[in-house]
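Counting starts at 1 for both ligands and their atoms, in listed order. Treat the numbers as computed from the prediction; the structure is a model and nothing was measured.
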Amino acid sequence: MATTTNQAETTADVLAIGFGKAGKTIAMNRAEHGDRVILVEQSPKMYGGTCINIACVPTKTMLVDSERGVNYEGSVQHRDSFIATLNKVNKELADDSGVLVVDGHAEFTGSHSVLVTGGEEELAITATTIIINTGSTPVIPDIPGVDSSRVIDSTGAQHLDSTPDSLVIVGGGPIGMEFATMFTQFGTKVTILDRGAKFGTAFDEDVATEVKADLETKGITIINGADVTELHDTDDGIKVRYSEDGGEHAIDATNVLFSIGRTPATEGLGLESAGIDTTERGAIAVDEHLRTNVEGVYAAGDVTGGPQFTYISYDDHRVITSDRWGDGSRVATGRLYPTTTFINPPVSTIGMGEQDAKDNAASGGHTAEVRFKKIADIPIMPRPKILGTPEGVAKFIIDVEDDQILGATLYCVDSQELINFVAVAMRQKIPASALGDGIYTHPSSTEVFNALLG
Ligand SMILES: Cc1cc2nc3c(=O)[nH]c(=O)nc-3n(C[C@H](O)[C@H](O)[C@H](O)COP(=O)(O)OP(=O)(O)OC[C@H]3O[C@@H](n4cnc5c(N)ncnc54)[C@H](O)[C@@H]3O)c2cc1C
Ligand SMILES: NC(=O)c1ccc[n+]([C@@H]2O[C@H](COP(=O)([O-])OP(=O)(O)OC[C@H]3O[C@@H](n4cnc5c(N)ncnc54)[C@H](O)[C@@H]3O)[C@@H](O)[C@H]2O)c1
């Protein structure tokens, strides 16, 4: 175990378990405040956490490479050198701030004590404040043949020797859609099998229909209502058997990627020894301040069972800091947060969708109006056409009484940036018409506000 101490036992003011976004941010901040801080991470390959090593950053790097015509092998090299730098910088930042990074797997032995095991060595740590930030792990279903070496998860899909000729992706959520887009752009024939009756249920139905049609135009086959029942290796691939619409079907593929959700990473954490409660779904139970039921022990990020986004984990660090070292005013409930699914072009959402507005706007005291345009039909916003990506739609839900934005779905070039602009307007109560009246550079995607809100 690579520690900077030979002690078998030690104490800390703050112990972060897991190098996730919230844990590392709190750890570095508290070390800079003079606290004795220890951060335990089970793998040096994960310094900096999931996002930078195996999730957001590497996958978006490869997505962009695939758009630009870089081949898979070239992209893997590019990704590896970029991620190695980020991993190293994260460790250096922690070291420089005075955090003691301990390599090993942490397991609670009591309410404020943890045993870290790294190879042959063990270190017992007792801490006043503990932040559990262990993330989540992919769900792999227990079906015959699932232990085949041709079955991969989102991490395995980033480390193949070469691009598969064909790929079945089980699960059409954000991971499924993003990997379908990336592998299609690398030249793989992709089929998505999703158990849900409809595709893209996180979006309004009309938006999901557009997204589905565009993915299909790019060559992706999408089958909903599909339950995978069995997998077995063939001479040169794997056969995926599934039931759909009362019939039994099979597809041959080079690999099968499971992206059917991620479960909070609590296995082997010894929560029972600490007396920490979990929810029915296996997440660590927390209140609005992200406190567990044990005083001084908090949980943050995916392990709480909340929305699984890096920026939610980042905000969790503010909630915990506010409760433990501040005035406690910041809470994790009722947060307004945007999402982006990085297909090409990306789909971004915030607040109410159209159906939600139909169902709930009136009872919430709003008079909702829907503004909708296809991107191709917005002549004053030529940027998507310039970039050769004219697909998409833009939709805003406006309260016409007080001119406030209740929600937006932007399926268009640059929507991952635009949606944050909308988020600021919603949080700061900037009227929709103020966005519509803005003078924006041209040609820019921001002109979508002139087109729909002006
Ligand atoms: C393929 C993919 C793409 C994604 N893309 C995006 C995206 O574009 N944008 C976005 O916002 N989100 C994205 N996400 C989600 C995002 O990655 C997660 O929500 C986020 O990383 C969770 O961070 P966290 O703070 O909960 O902890 P993590 O960053 O997951 O860190 C947990 C750490 O704890 C360590 N650990 C676990 N158990 C122990 C233990 N017992 N002892 C010691 N260490 C332990 C793990 O090794 C890990 O390093 C993506 C996820 C995936 C899988
Ligand atoms: N751009 C981003 O912000 C981004 C990107 C990737 C992942 N993520 C995060 O990671 C989380 C996990 O992503 P995910 O896509 O794995 O999960 P998900 O839960 O978001 O989607 C899973 C999909 O799989 C389907 N499904 C579930 N069980 C199935 C089964 N047995 N057979 C077939 N289909 C099944 C569901 O109907 C759903 O469409 C997301 O919720 C998201 O928060 C975020």
What is the closest protein heavy atom to [atom], and at what distance does it sit?
| atom | result |
| --- | --- |
| atom 16 (O) of ligand 2 | G261 N, 3.0 Å |
| atom 24 (O) of ligand 2 | G171 CA, 3.3 Å |
| atom 37 (O) of ligand 2 | D194 OD1, 2.8 Å |
| atom 34 (O) of ligand 1 | G18 CA, 3.2 Å |
| atom 21 (O) of ligand 2 | G173 CA, 3.5 Å |
| atom 35 (C) of ligand 1 | E41 OE1, 3.2 Å |
| atom 33 (C) of ligand 2 | R195 N, 3.2 Å |
| atom 42 (N) of ligand 1 | A106 N, 3.0 Å |
| atom 25 (O) of ligand 1 | S313 OG, 2.6 Å |
| atom 6 (C) of ligand 2 | I175 CG1, 3.4 Å |
| atom 2 (C) of ligand 1 | A55 CB, 3.5 Å |
| atom 28 (P) of ligand 1 | T50 OG1, 3.3 Å |
| atom 9 (N) of ligand 1 | C56 SG, 3.6 Å |
| atom 35 (C) of ligand 2 | I260 CG2, 3.5 Å |
| atom 40 (C) of ligand 2 | P174 CG, 3.8 Å |
| atom 31 (O) of ligand 1 | G20 CA, 3.3 Å |

Cationic N near anionic O, under 4.0 Å, R318 to D315: yes
E230/K239 salt bridge by N-O under 4.0 Å criterion: no
Options Q158, Q308, K60, H105, ranked by nearest heavy atom to atom 5 (N) of ligand 1, top entry: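 Looking at heavy atoms only, the winner is K60.
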Nearest candidate to atom 10 (O) of ligand 2, where distance is taken over non-hydrogen atoms, out of K198, E178, Q308: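 Residue with the shortest heavy-atom distance to the ligand atom: Q308.
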Using a 4.0 Å cutoff against the non-hydrogen atoms of [X], which atoms of ligand 2 qualify?
| X | result |
| --- | --- |
| V170 | 32 (N), 33 (C) |
| F309 | 3 (O), 43 (O), 44 (C) |
| T340 | 1 (N), 2 (C), 3 (O) |
| F342 | 1 (N) |

Numbered atoms of ligand 1 (with element) below 4.0 Å of [X], judged on heavy atoms:
| X | result |
| --- | --- |
| I175 | 52 (C), 53 (C) |
| L269 | 41 (N) |
| T310 | 10 (C), 11 (O), 12 (N), 16 (C), 17 (O), 19 (O), 20 (C), 21 (O) |
| V40 | 43 (C), 44 (N) |
| F309 | 11 (O), 12 (N), 19 (O) |
| F19 | 33 (C), 34 (O) |
| R262 | 53 (C) |
| K21 | 25 (O) |

For residues [X] and [Y], is any side-chain donor paired with an opposing acceptor at under 3.5 Å?
| X | Y | result |
| --- | --- | --- |
| D204 | Q355 | no |
| T254 | D165 | no |
| T221 | K189 | yes |
| S322 | R330 | no |
| T340 | Q416 | no |
| Y47 | D103 | yes |

Looking only at non-hydrogen atoms, find the nearest pair between [X] and [Y] and report the distance.
| X | Y | result |
| --- | --- | --- |
| F108 | G270 | CB-O, 3.3 Å |
| F179 | S154 | CZ-O, 3.5 Å |
| I343 | V211 | CD1-CG1, 3.6 Å |
| P384 | I375 | CG-CG2, 3.7 Å |
| I260 | P141 | CD1-CD, 3.8 Å |

Within-shell test, G104 vs ligand 1, heavy atom, strictly < 4.0 Å: yes
Between CG on residue L63 and CZ on residue F183, distance to nearest 0.5 Å: 10.0 Å
Proximity flag T339 to ligand 2, non-hydrogen atoms under 4.0 Å: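 No heavy atom of T339 comes that close to ligand 2.
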Whether V228 lies under 4.0 Å from ligand 2, heavy atom: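 Judged by the 4.0 Å heavy-atom criterion, V228 does not count as contacting ligand 2.
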Side-chain touch I26/W325, heavy atoms, less than 4.5 angstrom: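 They are in side-chain contact.
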For ligand 1 and [X], I'd like to know whether there is a polar contact (N/O to N/O, distance under 3.5 Å).
| X | value |
| --- | --- |
| N133 | yes |
| T59 | no |
| Q42 | yes |
| S136 | no |

Parallel, tilted or perpendicular: rings of F186 and Y72 (30°, 60°): perpendicular
H78 and F82 aromatic ring geometry - parallel, tilted or perpendicular at 30°/60° bounds: parallel
K24 NZ/CZ over F19 ring centroid, <6.0 Å and within 45° of normal: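 Output no; distance or angle outside limits.
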Heavy-atom neighbours of E67 CD exceed 12 at 6.0 Å: yes
Ring centroid separation F203 to Y411 under 6.0 Å: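 Aromatic pair excluded; centres sit 6.0 Å or further apart.
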For K395, the option from E210, E205, E354 that meets salt bridge (Lys or Arg N to Asp or Glu O under 4.0 Å):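 Testing each of E210, E205, E354 against K395, the sole residue satisfying salt bridge (Lys or Arg N to Asp or Glu O under 4.0 Å) is E354.
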